[in-house]
Q: 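Quick one: structure below, then a few questions.
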Amino acid sequence: MGHKEELLAEEEVTCVGQMVCAVAADTQQHAKRGAAAVKITYEDLPDRVFTVEEAIEKKSFFKPQRTIERGCVTEAFGKADRVYEGQVCLGGQEHFYMETQSMLVVPSGEEKEMKVYLSTQYPAYAQESVAETLGIPSNRVSCHIKRMGGAFGGKVTKTASLASITAVAAWKTGQAVRCILERGDDMLITGARHPVLGKYKVGFMNDGRIIAAEVQYYANAGNIEDESIQVIEKILLHLDNAYNVPNLHGRSTACKTNLPSNTAFRGFGVPQSILVTENMITDVAMVLGRTTEEIREINMYKGVSTTHYKQEFDPENLLRCWEECKEESCYQSRRNTIAQFNQGSRWKKRGVAIVPIKYGIAFAEGFLNQAAALVHIYTDGSVLVSHGGTEMGQGIHTKMQQVVSRELGVPTSLIYITETSTTTIPNACPSAASFGTDANGMAVKDACETLRRRLDPVVQGNPNGTWESWIKKAFFQKISLSATGFYRGHDLYMNWEKNEGHPYAYFVYGACFSEVEVDCLTGDYRNIKTNIVVDIGRSINPSIDIGQIEGAFIQGMGLYTLEELKFSPSGVLYTRGPSQYKIPAVCDLPLSFNIYLLPGSTNPNAIYSSKGIGEPVLALGSSVYFAIKDAVAAARKEAGLSGPFSLDSPATPERTCMACATPFTQMIPASKPGSYQPWAINV
Ligand code: MTE
């Protein structure tokens with residue numbers, strides 16, 4: 001990652017949850033007793049920083065801060081009919097993968113070899129990290145990963161640190177050492193999604209056109225940099241979401257705080273960025289007394305356009321998704337029905353929202369857009385495939401099997417995907433940025449094409465033969481039945497000094513309608529209906545992709561409406577298990593939940609015209625948040641309140657109830673709608 005990281009605290013412990021030592025023992029119980037016997041006396045750090053507000057005050061930032069500018073906001077604010085300033089806070093999110101961080105390090109006893117079996121999205125990084133920690137070359141360390149029990153971005157970097165510490169124990173004892181974090185420790189130690197505070201100033205015309213926006217993001221990075229700079233960069237790249245704002249200025253800062261270091265999480269800053277942008281749009285609508293959907297439509301990109309970083313694109317499919325979503329969800333008639341319902345109901349209010357998305361795929365750090373594969377054909381005709389992608393439940397292995405089947409013309413039953421290993425595929429890039437299938441699919445295809453070319457003469461010699469007969473023949477003719485494949489992906493880049501770049505290979509577009517019913521007396525809500533339309537090109541496997549869309553949406557809904565990390569005033573994480581931290585359950589599913597894949601979409605930039613779909617839809621979970629906000633606005637009307645109001649994310653029942661401003665919550669002294677409980681540090 002280009003910066004050194006302390007594995008164990010050396011001079012100073014900078015957060016509660018930072019590791020100070022590791023205890024190795026013959027059983028888990030003994031290890032726990034050993035760890036409990038370690039007595040440490042701490043002195044409080046003099047200048048502790050927990051929230052972004054404190055970080056701003058003390059200028060506690062990681063460098064660099066990033067800015068981006070298009071047009072001239074200052075001039076445009078002067079021309080705007082109205083200027084409004086607002087802000088929204090968004091809390092972090094625990095990855096809550098089913099399988100916690102797990103690894104087994106086995107010293108082979110020969111030439112300092114170490115075999116590491118671990119649950120990671122980035123085996124090459126773990127390999128490098130273990131080798132560097134032990135002071136041995138990478139060729140002595142092999143990392144092996146069959147599959148992960150979920151990862152969601154939380155197993156890109158953090159696993160490497162734990163694997164390195166475990167490797168030291170294996171090195172010192174000469175024994176195989178296993179490390180599996182218990183849920184509470186995993187939640188405490190390994191960090192989460194970055195909480196973000198977004199402050200904005202927006203200039204707009206009375207007809208709804210936004211002509212200028214100035215947005216400042218502060219992300220709570222925690223005590224170690226990790227991937228925080230890349231996260232704040234991605235926040236800025238998605239500042240426009242689906243809107244063409246001619247004058248735009250964004251600034252993004254990673255705050256260094258005394259909380260556990262936050263890390264990558266599905267969406268990588270985009271879900272935070274989109275909440276801020278969409279909240280700004282909602283405020284504009286509320287100031288003008290119009291629906292948010294009208295303001296969204298007025299400002300949406302139309303015709304071939306350029307983003308604020310000067311990447312050209314055609315938003316046609318964005319607009320198609322939007323229109324189709326409106327049609328499939330009968331948006332106008334739902335709005336009318338809801339208005340009637342709200343008139344006749346004092347304590348239950350309904351709300352709707354449609355949120356669009358334009359999500360960039362691939363790594364802005366161009367060198368990460370590469371992949372390799374290795375394909376063997378055995379003499380019985382069976383095929384063994386190894387590629388650099390890791391399986392975490394997103395279905396990459398199934399898709400790779402489909403690619404091989406299509407390229408070699410053999411049934412998937414003959415194809416087996418073996419573990420991901422640094423011995424078969426060296427220097428593989430992480431399975432992240434929703435780019436796994438795009439990159440590895442092309443590498444696998446390349447290997448298969450080589451094999452196909454070698455086999456062609458044999459097939460032509462016996463066109464009516466079977467696959468098995470051709471393979472046997474090829475073997476007897478001394479034709480190599482093993483091939484590597486390589487994909488040299490897009491040369492993407494972002495030049496922050498020049499405010500321009502081409503950081504994405506292409507965009508995934510989508511739109512999501514949600515309708516909710518809020519109980520204004522408790523703040524509890526029910527998601528009545530969600531309709532999602534997504535442009536995913538020509539899907540390689542629609543069943544997998546629909547599963548990804550459903551999963552990402554529900555995880556997003558959790559982020560924006562349920563999941564809340566709570567810290568004590570001295571920075572101790574309270575929420576360390578499912579009894580304290582609520583993730584979505586079956587009862588939280590929308591009563592009616594429909595996914596539509598946009599027909600007739602193609603994509604020349606990815607394998608078989610498909611599109612990466614692992615992350616984009618998570619941000620569409622915000623449609624539930626904005627539908628709640630719409631319902632709350634109806635409740636506030638009854639209290640004689642109109643115009644923009646603050647509702648921080650997640651819109652938990654407590655916050656929603658307070659924002660409804662019923663006569664009952666108004667009686668609570670000093671309660672402000674949408675305010676934080678004083679004991680919980682959220683950003
Ligand atoms: N789906 C499941 N079931 N489990 C996961 O951990 N991770 C997501 C997404 N979908 C994840 C998942 C993340 S963070 C990414 S980047 C993409 O899958 C990776 O998918 P890809 O290999 O298609 O790029």
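Both ligands and their constituent atoms are indexed starting at 1 by order of listing. All values below come from the heavy atoms of this structure, side chains included, with hydrogens, waters and symmetry mates left out.
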Q: Which residue from Phe435, Phe152, Phe265 reaches closest to atom 5 (C) of ligand 1 through any of its heavy atoms?
A: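 Selected option, by shortest heavy-atom distance: Phe152.
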
Q: Of all the atoms in ligand 1, which lie at a distance below 4.0 Å from a heavy atom belonging to Gly153?
A: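 In order of number, 14 (S).
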
Q: To the nearest 0.1 Å, how far is atom 20 (O) of ligand 1 from its closest protein heavy atom, and which atom is that?
A: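 Minimum-distance protein heavy atom for atom 20 (O) of ligand 1 reads Gln394 CG, 3.2 Å.
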
Q: Give the atoms of ligand 1, by number and element, whose distance to some non-hydrogen atom of Ser434 is under 4.0 Å.
A: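 Close to Ser434: 16 (S), 24 (O).
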
Q: Please compare Ser431, Gly393, Ala432 and report which has the shortest non-hydrogen distance to atom 3 (N) of ligand 1.
A: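 Closest candidate by heavy-atom distance is Gly393.
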
Q: May I ask you to check whether Tyr309 and Asp240 show a side-chain donor-acceptor distance below 3.5 Å?
A: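 Tyr309 vs Asp240: no donor-acceptor pair found between side chains.
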
Q: Can a cation-pi geometry be assigned to Lys155 and Tyr122, taking NZ or CZ under 6.0 Å from the six-membered ring centre and within 45° of the ring axis?
A: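 Relative to the ring axis of Tyr122, which defines the angle, Lys155 lies outside at least one limit.
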
Q: Go through ligand 1 atom by atom and flag the ones less than 4.0 Å from a non-hydrogen atom of Ile396.
A: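 The list of qualifying atoms is 22 (O).
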
Q: How far is atom 17 (C) of ligand 1 from its nearest protein heavy atom, and which residue and atom is that?
A: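 Here the nearest protein heavy atom works out to Gly614 CA, 4.0 Å.
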
Q: For Thr530 and Ser514, test the side chains for any donor-to-acceptor distance below 3.5 angstrom and give the result as yes or no.
A: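 On atom types as modelled, these side chains qualify, holding a pair under 3.5 Å.
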
Q: Testing Val231, Val156, Thr157, Thr190 one by one against Thr263 for a side chain to side chain contact (heavy atoms under 4.5 Å, CB included), which residue passes?
A: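 Only one option passes, and that is Thr157.
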
Q: For atom 6 (O) of ligand 1, which candidate among Ala433, Ala151, Ala439 provides the closest heavy atom?
A: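 That would be Ala151.
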
Q: To check your reading of the model: name the closest protein heavy atom to atom 24 (O) of ligand 1, its residue, and the distance in Å.
A: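 For atom 24 (O) of ligand 1, the nearest protein heavy atom comes out as Gly436 N, 2.7 Å.
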
Q: Parallel, tilted or perpendicular for Phe435 and Phe363, by the 30°/60° rule?
A: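 If you compare the ring of Phe435 with that of Phe363, the planes turn out perpendicular.
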
Q: Taking the six-membered ring of Tyr581, is the NZ or CZ of Arg183 close enough (under 6.0 Å from the centre) and on axis enough (within 45°)?
A: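 Verdict for Tyr581: no cation-pi partner in Arg183.
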
Q: Kindly assign one of parallel, tilted or perpendicular to the pair Phe593 and Phe553, based on the angle between their ring planes and the thresholds 30° and 60°.
A: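 Phe593 vs Phe553 ring planes: tilted.
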
Q: Does a side-chain heavy-atom distance below 4.5 Å link Ile536 with Leu598?
A: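 No. Closest side-chain heavy atoms not under 4.5 Å.
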
Q: Are any side-chain N or O atoms of Thr277 and backbone N or O atoms of Ile274, one a donor and one an acceptor, separated by less than 3.5 Å?
A: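 Not confirmed, Thr277 side chain does not pair with Ile274 backbone.
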
Q: Show me which atoms of ligand 1 lie under 4.0 Å from any heavy atom of Gly150.
A: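 This gives 6 (O) as the contact atoms.
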
Q: Which protein heavy atom lies closest to atom 8 (C) of ligand 1, and at what distance to 0.1 Å?
A: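 For this ligand atom, the closest protein heavy atom is Arg266 NE, 3.7 Å.
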
Q: Which option, Gln548, Met400, Glu615, owns the non-hydrogen atom nearest atom 9 (C) of ligand 1?
A: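 Answer by nearest heavy atom: Gln548.
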
Q: Can you tell me which residue and heavy atom of the protein come closest to atom 4 (N) of ligand 1, and the distance to 0.1 Å?
A: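 Answer, as residue, atom name and distance: Met392 O, 2.9 Å.
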
